[in-house]
Amino acid sequence: MQMYDNTERPQRAILISIDTGDYDAEASLEELKELMRSAGGETIATVSQKRDKPDSATCLGSGRLLEVKEFAQANDIDLLVFDCELTPTQIRNLEAETDIRTIDRTMLILDIFALHAKTNEGKLQVELAQLKYLMPRLTGKGREMSRLGGGIGTRGPGESKLETDRRHIRRRIETLKEELSHITDRRNQLRSRRSKDGIITVAIVGYTNAGKSTLMNTLTQAGVLSEDKLFATLDPTSRSLKLPNGVSVMMIDTVGLVRRLPHHLVEAFKSTLEEAALADIIVNVCDATSEEYQLHLDVTTSLLHDLGCESSPIITAFNKCDLLSPDDIPHNSGSVLISAKTGNGIDKLLEAIEENLPVQIKRFNMLLPFQKANLIAPLRYMGALISEEYTADGILVTANIEKPKWHIYEPYEI
């Protein structure tokens, strides 16, 4: 009896780019390769063609398409991935010409999001984005797509399969929107509760794979999945962090960004991204080892601007600096150089967060007379008291005190 190994091999893909000069096609193609790796596929070859505009029928020119077809047949290719958004007609023509399943950049990103979404909210957001993307791409296949209803009152020309599918998708989209609105309401209640309790929030944002989850784990031991992949984590995580000055803040990890992020995804994940918009402080994590770090910063800054975050203090943290020589490390005014993996520079990042706190806090070392012992109770209530010791001369107190109350305790400072 012969035994066979029932392992599933990664899908083999050709990545195809149409260089119209509108953006850096080579860099975008490299990013598409990373997206393919995150989806669990294997890139066998990349193809790029310079054109004034994509061909309306097949995106690629006929000659280059023939080359792709012959290469695919010779190398057992499973998938063609285009680094642009394809129309339903283009997908149908490409699959008919090559007999290979064809997807575009947006479909690949949606697949990665579906793979990595773990929470109920994340799954709902991904499904909503997928359905919104699918809706205009439903195309009929002629007579075999039409059907008649069954039973009295349904006989007649019937409803086409295409119309039925569209109706079901519209109904499902409305259901998803309603479910997400309930989740958004709960998230808003949490935000208002934090605000009422005076909790300071710090949002970690940045380009995907910049090290946001690793930084979150280093700061708070959150146990968030961190891998060298694009979109390794999608679901927001919140953890408490006590700063060196004794102030506790809420750290919030947000979904990563990518250039040309599909509009449907931005809309679907808007409630998650609003965590950044409503945060007191924003930490923009950037991969210092990337040759395109400035572009990554621009993408993040643009989205933060769209979310209305201009008034919030933004701290730029260049991550992975341990992998660079001092001469190669980027320098921006007000930026912090860190390594989330080794912990280098984390103290500087915490100092920057302290400096940007909405309330200015100072650590006081005081000797309170016994008759002023009543001044300690408010410090205990606010969680500002660090230590107290009763001595023959009075009460030695160390506490973090907000600026409006400095004048009360300054006479007793030592």
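Each residue takes its place number in the sequence, starting with 1.
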Can you confirm whether [X] sits close enough to [Y] that some side-chain heavy atom of one is under 4.5 Å from a side-chain heavy atom of the other?
{"X": "Glu178", "Y": "His182", "value": "yes"}
{"X": "Asp104", "Y": "Tyr133", "value": "yes"}
{"X": "Val249", "Y": "Met251", "value": "yes"}
{"X": "Val126", "Y": "Lys123", "value": "no"}
{"X": "Val283", "Y": "Val205", "value": "no"}
{"X": "Lys405", "Y": "Phe364", "value": "no"}
{"X": "Arg172", "Y": "Thr175", "value": "yes"}
{"X": "Phe318", "Y": "Leu297", "value": "yes"}

State, to 0.1 Å, how close [X] and [Y] come at their nearest heavy-atom pair, and which atoms those are.
{"X": "Ala27", "Y": "Glu292", "answer": "CB-OE2, 2.9 Å"}
{"X": "Arg12", "Y": "Asp76", "answer": "NE-O, 3.3 Å"}
{"X": "Met107", "Y": "Thr102", "answer": "CE-O, 4.4 Å"}
{"X": "Arg380", "Y": "Glu388", "answer": "NH2-OE2, 2.9 Å"}
{"X": "Leu80", "Y": "Thr98", "answer": "CD1-OG1, 3.9 Å"}
{"X": "Asp280", "Y": "Pro313", "answer": "O-CD, 3.2 Å"}

Is a side-chain donor-acceptor pair under 3.5 Å present for Asp298 with Thr301?
->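 Asp298 and Thr301 do not have a side-chain donor-acceptor pair below 3.5 Å.
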Tell me yes or no: between the side chains of Thr398 and Asn365, is some donor less than 3.5 Å from an acceptor?
->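 Thr398 vs Asn365: donor-acceptor pair found between side chains.
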Taking [X] for its side chain and [Y] for its backbone only, find out whether a donor-acceptor pair lies under 3.5 Å.
{"X": "Asp328", "Y": "Leu324", "result": "no"}
{"X": "Ser28", "Y": "Asp24", "result": "no"}
{"X": "Asp99", "Y": "Glu95", "result": "no"}
{"X": "Glu127", "Y": "Leu124", "result": "no"}

How many angstroms lie between atom [atom1] of [X] and atom [atom2] of [Y], to the nearest 0.5 angstrom?
{"X": "Leu350", "Y": "Leu243", "atom1": "CG", "atom2": "CG", "result": "6.0 Å"}
{"X": "Thr214", "Y": "Asp253", "atom1": "OG1", "atom2": "CG", "result": "9.5 Å"}
{"X": "Ile14", "Y": "Lys69", "atom1": "CD1", "atom2": "NZ", "result": "13.0 Å"}
{"X": "Tyr409", "Y": "Ile376", "atom1": "OH", "atom2": "CD1", "result": "8.5 Å"}
{"X": "Cys321", "Y": "Asp287", "atom1": "SG", "atom2": "CG", "result": "9.0 Å"}
{"X": "Lys320", "Y": "Leu337", "atom1": "NZ", "atom2": "CG", "result": "15.0 Å"}

Can you check side chain to side chain donor-acceptor pair (under 3.5 Å) on Ser339 and Asp322, steps first, answer last?
-> CA-CA 6 Å; Ser339 170; Asp322 57 311; 2.9 Å; yes
Any chance you could lay out the side chain to side chain contact (heavy atoms under 4.5 Å, CB included) test for Ile100 and Asp78, step after step, and finish with the verdict?
-> CA-CA 6 Å; Ile100 299 172; Asp78 305 304; 5.9 Å; no
Test: Arg105 and Asp83 ion pair at under 4.0 Å |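 Result for this pair is yes, salt bridge flagged.
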Are any of the side-chain nitrogens in Glu174 or Arg171 under 4.0 Å away from the carboxylate oxygens of its partner?
->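 Salt bridge between Glu174 and Arg171, a charged N being under 4.0 Å from a carboxylate O: no.
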Qualifying residue for side chain to side chain contact (heavy atoms under 4.5 Å, CB included) with Ile103, from Val81, Leu94, Ile91 =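 Testing each of Val81, Leu94, Ile91 against Ile103, the sole residue satisfying side chain to side chain contact (heavy atoms under 4.5 Å, CB included) is Val81.
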Quiz: residues 40-53 side-chain donor-acceptor pairs under 3.5 angstrom, not counting sequence neighbours:
from  : atom 1 : to    : atom 2 : distance (Å)
Gln49 : OE1    : Gly61 : N      : 3.0
Lys50 : NZ     : Asp19 : OD2    : 3.0
Arg51 : NE     : Lys53 : O      : 3.1

Go through the steps to decide whether Met366 and Leu375 satisfy the test side chain to side chain contact (heavy atoms under 4.5 Å, CB included), and finish with yes or no.
-> CA-CA 11 Å; Met366 302 170 287; Leu375 295 178; over 6 Å; no
Let me see the working for Glu97 and Leu65 under side chain to side chain contact (heavy atoms under 4.5 Å, CB included), right down to the final yes or no.
-> CA-CA 9 Å; Glu97 182 67 29; Leu65 180 59; 3.6 Å; yes
Kindly indicate, with the supporting measurements, whether the criterion side chain to side chain contact (heavy atoms under 4.5 Å, CB included) is fulfilled by Asp55 and Leu60.
-> CA-CA 6 Å; Asp55 184 83; Leu60 274 174; over 6 Å; no
If you count the non-hydrogen atoms of other residues, nucleotides and ligands that lie under 6.0 Å from CD in Glu351, is the total more than 12?
->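 For Glu351, atom CD is crowded (more than 12 foreign heavy atoms under 6.0 Å).
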Near Asn374 CG, under 6.0 Å, is it more than 12 heavy atoms from other residues, nucleotides or ligands?
->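 Counting neighbours around CG of Asn374, more than 12 heavy atoms of other residues, nucleotides or ligands fall under 6.0 Å, so yes.
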For the pair Tyr207 and Glu31, evaluate side chain to side chain donor-acceptor pair (under 3.5 Å) and give the outcome as yes or no after the intermediate values.
-> CA-CA 12 Å; Tyr207 214 73; Glu31 188 171 87; 2.4 Å; yes
